[in-house]
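Please see the structure below; I have some questions.
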Amino acid sequence: MQKTKTLAPITDLFDPSYKLSYFCEGLSKYVENQLKSCKKEYKVSKTLKTWHKKDIFHIEMLEAFCPECFTRSVIKNGIKGRKLIFYNKKKIKTEIQAYKCKKCNKKFNTDISELIENNSNFTRDFKSKCLELVGLFFGSLRNVAYKVKKDTGIHISHQTIENWILEYKNKKKDSKYRYSGYYIFDVEWVKIKGVWNYRFTLIDSKQDIIVADKIYSKENSKNIKEFLDQNTRNKNRIAITTDLDEKYKPIIEELGFKHQWCLFHTFKNFNKIIKNYIKQNKVSKEEINKIKEEKEEIFNLFQVGSLKNARNKFNQVLVKIKEYSKIIQFIIINSLRPYFKTFFAFLDDKNIQRTSNKIENIFQKTFPKSVKKLMKIKNGVMSRINIRKEIQYQKKVFDN
């Protein structure tokens, strides 16, 4: 019987390859442990190659080159041991790769300034976490130091944290859009070494962002004009809402803005005037009720839908002004009539903020009353404000 050759299927010619570790249990565990012990860290840096091996953190350049002649003809030349302190990883033994240039013979180490500052074992990550705690809780630095020790086991003095605060530089973020031209301006009192100073703040009321912040030793017309002029130069200038401080009005109008007085402060001031009048004079219950009714009539002027309607209703009030009580006449003649446009500008332009509540809220979030009397230098005040502003920015980004 004649034998015939049978062709094997092509797939049968390719046997699967096997590793020696498949057949040796001990070797298999050894390979597995080696893979675990050499864990690469991809998110530590964009310019450095880092990994953990046997509880040692190794750092080398992603693309090694000589800092002297900029050639890539370099060779590894030993390692330098160092201990670095991370917030989440605590104190870690570190090996920093050293190099030697084959062209100019220069010896150099891996530049780790991206991770850590000169003459410090605390990483930038550790410092930023400490400053985040300062910004979040705004309490005693000793309490912050205690929290850090509880989280990491690392003892750090409150003075070290204070030094980091003073070194903090604000990362100025440009607005996503151009400033709207609608602003709120206010001044917060800050005590520095027992002396009152003044924090000038300007916010964009449409975007809810701080345009400018600065500490002045005096709240005078010169400083106010300088602050507003410098920080709105080459920007839209439409309207500014403020409290009832008389210094603001001529400056704001000179710079070309419409001026709106805060209605919250307006109502508060009118109520205060009426209360003092009733307290200082013998006023009957009937007259008190009459004053209250007339006050509500005046306050209702601010609820109408347009500036034209407000003007018409106010003209009706002026026609019968002699029928009103003395204190209401005083408010109408000395406040509402001469400054009608300043009180009612928001009716002419719906984008104008009728109150300064937004900036009061920012004051409480960035520099609350609990710490505003404890500062010693201006730099410390602005650093804390900037840290707090950064936290608020991060919260806004996170929420969005």
Side-chain angles (χ1 to χ4, degrees), residues 17-22 24 26-132 148 151-157 160-161 163-174 387 390 394 397:
S17 59
Y18 294 95
K19 295 180 181 178
L20 182 59
S21 58
Y22 292 169
C24 178
L27 185 60
S28 177
K29 288 182 179 179
Y30 172 78
V31 172
E32 182 181 351
N33 290 334
Q34 281 294 99
L35 291 172
K36 286 181 178 178
S37 65
C38 187
K39 184 180 179 182
K40 291 188 177 181
E41 298 277 352
Y42 292 102
K43 296 182 180 180
V44 173
S45 169
K46 295 180 179 179
T47 61
L48 301 174
K49 187 190 296 183
T50 61
W51 68 84
H52 284 281
K53 185 175 182 181
K54 295 181 180 179
D55 297 326
I56 296 177
F57 187 51
H58 187 88
I59 306 175
E60 65 179 49
M61 298 173 73
L62 188 63
E63 295 183 2
F65 65 92
C66 175
E68 187 72 24
C69 61
F70 302 104
T71 181
R72 291 190 179 182
S73 182
V74 298
I75 57 174
K76 293 182 178 180
N77 188 37
I79 56 173
K80 180 183 178 182
R82 189 172 176 180
K83 288 186 178 179
L84 301 183
I85 302 173
F86 291 85
Y87 197 89
N88 295 326
K89 300 170 185 175
K90 303 181 181 180
K91 191 177 292 186
I92 298 179
K93 291 181 180 178
T94 307
E95 291 180 347
I96 302 171
Q97 185 66 58
Y99 298 90
K100 182 179 179 181
C101 179
K102 293 195 291 183
K103 186 176 180 180
C104 65
N105 292 323
K106 179 178 176 61
K107 295 180 180 179
F108 59 94
N109 298 322
T110 301
D111 181 8
I112 60 171
S113 58
E114 185 180 345
L115 296 179
I116 194 166
E117 296 174 359
N118 293 332
N119 304 318
S120 175
N121 288 330
F122 293 103
T123 59
R124 297 182 187 274
D125 163 75
F126 189 94
K127 289 184 178 182
S128 65
K129 291 288 185 183
C130 292
L131 294 178
E132 185 177 348
V148 172
D151 289 348
T152 66
I154 303 297
H155 173 74
I156 183 171
S157 71
T160 300
I161 300 175
N163 293 339
W164 291 346
I165 291 172
L166 296 177
E167 293 170 1
Y168 180 83
K169 294 181 180 179
N170 185 29
K171 301 173 184 175
K172 190 173 181 181
K173 294 178 175 62
D174 294 331
I387 290 169
E390 177 64 20
Q394 290 175 9
V397 171

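Computed over heavy atoms, backbone and side chain alike; hydrogens, waters and symmetry mates excluded.
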Approximate separation, where rounding is to 0.5 Å, of Q97 CD and L48 CG: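 Atom-to-atom, Q97:CD and L48:CG are 12.0 Å apart.
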
- [ ] Start with the C-alpha gap between F126 and V148, add the side-chain angles, then the distance that decides, and say whether side chain to side chain contact (heavy atoms under 4.5 Å, CB included) holds.
- [x] CA-CA 10 Å; F126 189 94; V148 172; 3.6 Å; yes

Nearest 0.5 angstrom please: N119 CG to I116 CD1, how far?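 It is 10.0 Å, given to the nearest 0.5 Å.
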
| field | Derivation of the side chain to side chain contact (heavy atoms under 4.5 Å, CB included) call for K127 and E117 | value | CA-CA 10 Å; K127 289 184 178 182; E117 296 174 359; 2.5 Å; yes

Q.
Using the rule side-chain hydrogen bond (donor to acceptor under 3.5 Å, both in side chains), only one of D151, T123, T152 pairs with Y87; which is it?
A.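 Among D151, T123, T152, the one that satisfies the side-chain hydrogen bond (donor to acceptor under 3.5 Å, both in side chains) with Y87 is D151.
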
key: I56 side chain reached by E95 side chain, heavy atoms, under 4.5 Å   =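 Yes - at least one pair of side-chain heavy atoms lies under 4.5 Å apart.
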
_Taking ring-ring contact (aromatic ring centres under 6.0 Å, His included) as the cut-off, I'd like each qualifying pair that reaches into residues 58-78, sequence neighbours left out, listed once._
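As it turns out, the ring-ring contact (aromatic ring centres under 6.0 Å, His included) pairs with a partner in residues 58-78, which skip direct neighbours, are W51-H58.
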
Nearest 0.5 Å, please: how far is CD1 in I96 from OG1 in T50?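 If we round to the nearest 0.5 Å, T50:OG1 and I96:CD1 are 12.0 Å apart.
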
- Item | Nearest heavy atoms of I154 and F122, plus distance in Å |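 Closest approach of I154 to F122, heavy atoms only: CG2-CE2, 4.0 Å.
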
Taking ring pair (Phe, Tyr, Trp, His ring centres under 6.0 Å) as the definition, give me every residue that meets it alongside F108, ordered by chain and number, with sequence neighbours left out.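 If we apply the ring pair (Phe, Tyr, Trp, His ring centres under 6.0 Å) test to F108, skipping adjacent residues, the hits are Y99.
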
**Report entry** Working for side chain to side chain contact (heavy atoms under 4.5 Å, CB included), residues T94 and I112
**Finding:** CA-CA 11 Å; T94 307; I112 60 171; over 6 Å; no

Quick one, N109 and R82 - any side-chain contact, counting heavy atoms below 4.5 Å?
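No - every pair of side-chain heavy atoms lies 4.5 Å or more apart.
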
Do the side chain of R124 and the main chain of S113 share a donor and acceptor less than 3.5 angstrom apart?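 Confirmed, R124 side chain pairs with S113 backbone.
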
Below 3.5 Å, can you tabulate the donor-acceptor pairs from side chains in residues 71-81 to any protein atom, sequence neighbours excluded?
residue, atom, partner, partner atom, Å
T71, OG1, S73, N, 3.2
R72, NH2, E63, OE1, 3.0
K76, NZ, E60, OE1, 3.1

